[in-house]
Number of protein chains: 2
Amino acid sequence: MRDTNVADEVTRAAVDLFATQGYANTSVQQIVEAAGVTKGAMYHYFESKDDLLFAIYDRMLSLQKAHLDEIIARGGPVDEVLRAVCVDVIETSIDFLPEGTVFFRSMHMLTAPRQQEVTRRRRAYHDEFAALIERGQAEGLYRTDIPRPVLIAHFFSDVHYLSHWYSPHGAEGKTLVAEQITDLFLTSIRTTDVAS
Amino acid sequence: MRDTNVADEVTRAAVDLFATQGYANTSVQQIVEAAGVTKGAMYHYFESKDDLLFAIYDRMLSLQKAHLDEIIARGGPVDEVLRAVCVDVIETSIDFLPEGTVFFRSMHMLTAPRQQEVTRRRRAYHDEFAALIERGQAEGLYRTDIPRPVLIAHFFSDVHYLSHWYSPHGAEGKTLVAEQITDLFLTSIRTTDVAS
DNA sequence: CTCCTCATACCGACCAGACGGTATGGCGAG
DNA sequence: CTCGCCATACCGTCTGGTCGGTATGAGGAG
């Protein structure tokens with residue numbers, strides 16, 4: 001008997017395989033073999049392959065949402081809060097790079113109700129983010145000549161794209177990259193400094 | 001006999017189905033039924049399902065590369081050329097929104113040699129883009145405190161993300177959005193104006 | 001301590017069906 | 001007759017999921 005849980009091993013193996021081969025191209029046989037368990041054991045903890053994919057999302061989404069709420073709860077000037085939020089979501093996205101890859105690539109493979117649940121949770125995150133931007137706009141810090149949805153998409157596109165180019169083995173540290181991307185974003189949405 | 005080509009109908013149907021259901025979840029039966037042809041006819045023009053997916057990529061990549069080369073060939077100040085390139089790639093990405101969705105979501109489903117071919121073509125595009133940035137940096141127009149790969153990823157993330165939020169039925173016209181995103185990007189990479 | 005009971009954890013052989021792809025043949029045009 | 005274009009029937013493979021059964025271990029009764 002192992003101290004490590006079967007469900008954990010299966011999840012870990014599934015993330016790896018889904019990230020490298022894609023969800024549809026990975027059979028449950030491959031997953032259970034990589035995890036060192038049998039199919040019967042897996043289906044004891046997950047009710048379907050779909051459920052396994054959802055469990056991966058679930059863990060990541062919950063963690064990111066918790067971070068967001070904590071940072072906002074700390075309070076402070078909008079600009080600093082927004083900067084902290086941006087840096088954090090980029091950093092955690094780098095920590096969960098394989099999960100993110102799976103997420104954006106295979107979300108649409110989920111069954112309809114699961115997909116709605118994921119969409120709902122993502123929207124909750126985006127809404128809190130949008131509220132921060134709105135506060136900054138009200139204070140005259142951020143430009144208002146571009147629709148807010150475009151500004152928000154402009155940021156999350158960076159987060160999304162990380163899994164397409166960032167390599168943890170590369171030269172750049174994750175914190176540095178997070179700050180660089182955040183800087184690019186904040187620079188682009190701020191009202192021109194010379195006007196003040 | 002129809003005046004429209006069988007291959008065209010198949011390609012069109014495949015793009016729609018791949019974009020909505022995903023590549024792996026779409027059977028060739030569904031494709032040929034949606035296209036109004038039979039499987040025998042399809043396999044007369046495409047040697048595999050994989051080949052069909054590649055054909056979709058091929059058309060889009062060729063078109064975008066042709067646009068890029070033409071804009072660069074026109075010459076002019078770096079800042080104007082880069083602006084034109086950005087606006088164009090965003091506009092054509094909106095024109096090919098379903099293809100783009102399929103592209104980014106299913107690229108990894110291709111067989112290894114095909115995948116390498118796609119990667120090679122994308123890199124060619126990125127390299128020309130990088131050369132433009134480098135020219136701008138040499139002229140002191142663009143900031144050099146952030147690694148160039150990060151700047152490039154920062155732009156292509158926007159292009160990539162379009163299929164996740166842009167709706168052609170929405171209020172914003174594609175040209176307007178293209179200019180807004182381009183403006184955000186150029187603002188963020190330019191050296192601060194006050195310094196000049 | 002022993003025996004019985006029951007629940008949870010897990011095994012692994014086994015489906016039914018869907019899939020991509022092919023073999024064969026019809027058929028109209030030249 | 002020949003040769004592309006296409007229709008139809010079919011095949012081998014692999015998939016997600018199931019199901020009858022077993023091992024283990026906790027508790028309750030005597």
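Heavy atoms only: backbone and side chains are in, while hydrogens, waters and symmetry mates are out.
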*Which pairs, with at least one residue in residues 74-97 of chain B and sequence neighbours excluded, count as a ring pair (Phe, Tyr, Trp, His ring centres under 6.0 Å)?*
none

*What pairs meet the ring pair (Phe, Tyr, Trp, His ring centres under 6.0 Å) rule with one or both residues in residues 48-74 of chain B, with sequence neighbours excluded?*
Tyr57(B)-Phe103(B)

_Can you pull out every salt bridge (Lys or Arg N to Asp or Glu O under 4.0 Å) where at least one residue sits in residues 123-133 of chain A? Sequence neighbours excluded, please._
Lys65(A)-Glu128(A)

Expressed as a whole number of angstroms, how long is the span from [X]:[atom1] to [N]:[atom2]?
X	N	atom1	atom2	value
Leu17(A)	dG16(D)	CG	C1'	16 Å
Gln30(A)	dT15(D)	CD	P	7 Å
Glu33(B)	dA7(D)	CD	P	13 Å

N/O donor-acceptor pairs under 3.5 Å from side chains in residues 28-37 of chain B, not counting sequence neighbours:
unit_1, atom_1, unit_2, atom_2, d
Gln30(B), OE1, Ser27(B), N, 3.1
Gln30(B), NE2, Gln21(B), OE1, 3.4

*asked:* Mind checking if Phe46(B) touches a base, just sugar-phosphate, or nothing, with heavy atoms under 4.0 Å?
replied: nothing

*Taking side chain to side chain contact (heavy atoms under 4.5 Å, CB included) as the test, write out the residues that go with Pro113(A), two or more places apart.*
Thr111(A)

*If you group Ile, Leu, Val, Met, Phe, Trp and Tyr by side-chain heavy-atom gaps below 4.5 Å, do Leu97(A) and Leu17(A) land in one group?*
no

_Glu179(B): salt bridge (Lys or Arg N to Asp or Glu O under 4.0 Å) partners, not counting sequence neighbours_ = none

Cut-off 3.5 Å, no hydrogens considered: what does the side-chain donor-acceptor table look like for residues 139-154 of chain B, sequence neighbours left out?
unit_1, atom_1, unit_2, atom_2, d
Tyr142(B), OH, Asp79(B), OD1, 2.8
Arg143(B), NE, Asp145(B), OD1, 2.9
Arg143(B), NH1, Asp183(A), OD2, 3.4
Arg143(B), NH1, Ser188(B), O, 3.0
Arg143(B), NH2, Asp183(A), OD2, 2.6
Arg143(B), NH2, Asp145(B), OD2, 3.0
Arg148(B), NE, Gln137(B), OE1, 2.9
Arg148(B), NH2, Gln137(B), OE1, 3.3
His154(B), ND1, Asp158(A), OD1, 3.0
His154(B), ND1, Asp158(A), OD2, 2.8

*Of the nucleotides dA7(D), dC11(C), dG16(D), which has the atom closest to the Ser27(A) side chain?*
dG16(D)

*Should His44(B) be listed as having a side-chain N or O under 4.0 Å from OP1 or OP2 of dC5(D)?*
yes

_Treating Tyr23(A) as the side-chain partner and Asp50(A) as the backbone partner, does any N or O pair qualify as donor plus acceptor under 3.5 Å?_
yes

*asked:* The criterion is ring pair (Phe, Tyr, Trp, His ring centres under 6.0 Å); which residues satisfy it with Phe104(A), sequence neighbours excluded?
replied: His160(A)

*asked:* Under the rule for ring pair (Phe, Tyr, Trp, His ring centres under 6.0 Å), what residues qualify as partners of His126(B), not counting sequence neighbours?
replied: Phe156(B)

Below 3.5 Å between N/O atoms, which protein atoms pair up with nucleotides 17-19 of chain D? Just atom names and distances, please.
unit_1, atom_1, unit_2, atom_2, d
dG17(D), OP2, Tyr43(A), OH, 2.9
dG17(D), OP2, Lys49(A), N, 2.9
dG17(D), N7, Lys39(A), NZ, 3.1
dG17(D), O6, Lys39(A), NZ, 2.5

*Could you check which residues of residues 101-113 of chain B get a heavy atom under 4.0 Å from DNA chain C? Sort them by number, please.*
none

*Proximity to DNA chain C (any heavy atom under 4.0 Å), residues of residues 18-26 of chain A only*: none

